[in-house]
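Each ligand, and each atom within it, is numbered from 1 in the order the structure gives. Atoms considered below: every heavy atom in the structure, side chains included; atoms not considered: hydrogens, waters and symmetry mates.
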Amino acid sequence: MKIHAREVFALIAIVVGIGFEKQWWTIPREWAPWQPLYVADPLTPVTQWKLSRLAGNREACLAALETAPQGALEYVPLDDHTPVEGCPLSNVVRVQRGAAAFNRGFVASCPLALSWTLYEQHRLQPLAEEIFGQPIARVQHYGSFACRNIYGRKEGRRSEHASAEAIDVAAFRLADGRRIEVLKDWGGEDAAGTFLKRAQEDACGLFGTVLGPGYNAAHANHFHLGMRGVSFCR
Ligand SMILES: [Zn+2]
């Protein structure tokens with residue numbers, strides 16, 4: 001009897017199908033695009049895709065935020081509102097603190113809050129432990145919401161800040177009080193410079209737009225971490 005390739009493929013497809021059905025094997029949750037996002041799950045290339053799908057889905061996004069481990073994120077969901085004419089906010093929360101405190105709380109789109117906690121838990125704090133042997137205790141930022149167009153443009157596209165989809169991070173304070181500033185320490189060959197360089201690189205996998213001192217003079221003193229786009233990092 002001659003076996004055709006077509007029949008072999010059909011048989012394989014059936015066995016694979018039955019395998020999933022019977023759960024002989026499973027795809028880990030963090031690799032399965034159809035599974036919800038859990039903050040504690042390892043980051044994979046699928047994570048950013050899952051994040052992007054939560055932008056228009058308040059319920060699913062808030063459910064994902066709720067999976068943040070104890071102490072990882074303090075926030076309050078906010079009703080849709082228009083703080084400044086022309087810049088309505090929807091699907092937003094007020095972030096009070098992460099594992100590290102902030103100089104002040106801020107309004108964030110739900111996906112931005114989610115990205116921040118993923119970034120802090122999986123990248124930023126482990127990086128600080130690796131380089132300095134201690135966690136980050138405090139993050140200084142310049143704000144998230146500003147009803148304006150993209151920097152330097154009178155006409156045209158609204159900034160990510162106009163919809164609270166970006167945060168400008170200026171400095172980190174370690175548990176022992178040492179301060180690491182983007183303005184002062186960027187480009188250094190020392191531990192602080194290395195930390196900032198890697199912190200920016202690590203942000204690229206989670207935020208859609210990451211801009212720093214290498215982009216332009218307007219970003220000499222902070223990292224812009226925004227949700228639009230896909231891994232635009234400068
Ligand atoms: Zn910014």
If a pair satisfies salt bridge (Lys or Arg N to Asp or Glu O under 4.0 Å) and one of its residues is in residues 93-122, list it, with sequence neighbours excluded.
none
Which single N/O/S atom of D168 lies at minimum distance from the Zn ion (ligand 1)?
OD1
Kindly give the atom name of the N, O or S atom of H224 closest to the Zn ion (ligand 1).
ND1
Centre of Y38's six-membered ring, under 6.0 Å away, within 45 degrees of the axis: is that where NZ or CZ of R29 sits?
yes
Provide the full list of ring pair (Phe, Tyr, Trp, His ring centres under 6.0 Å) pairs with a residue in residues 54-110, sequence neighbours left out, each pair given once.
F102-F106, F102-W116, F102-H141, F106-H141
Look at E160 and state whether any of its N, O or S atoms is less than 2.8 Å from the Zn ion (ligand 1).
no
Non-hydrogen side-chain atoms of L62 and V93 separated by less than 4.5 Å
yes
Looking at H161, the N, O or S atom sitting nearest the Zn ion (ligand 1) is NE2
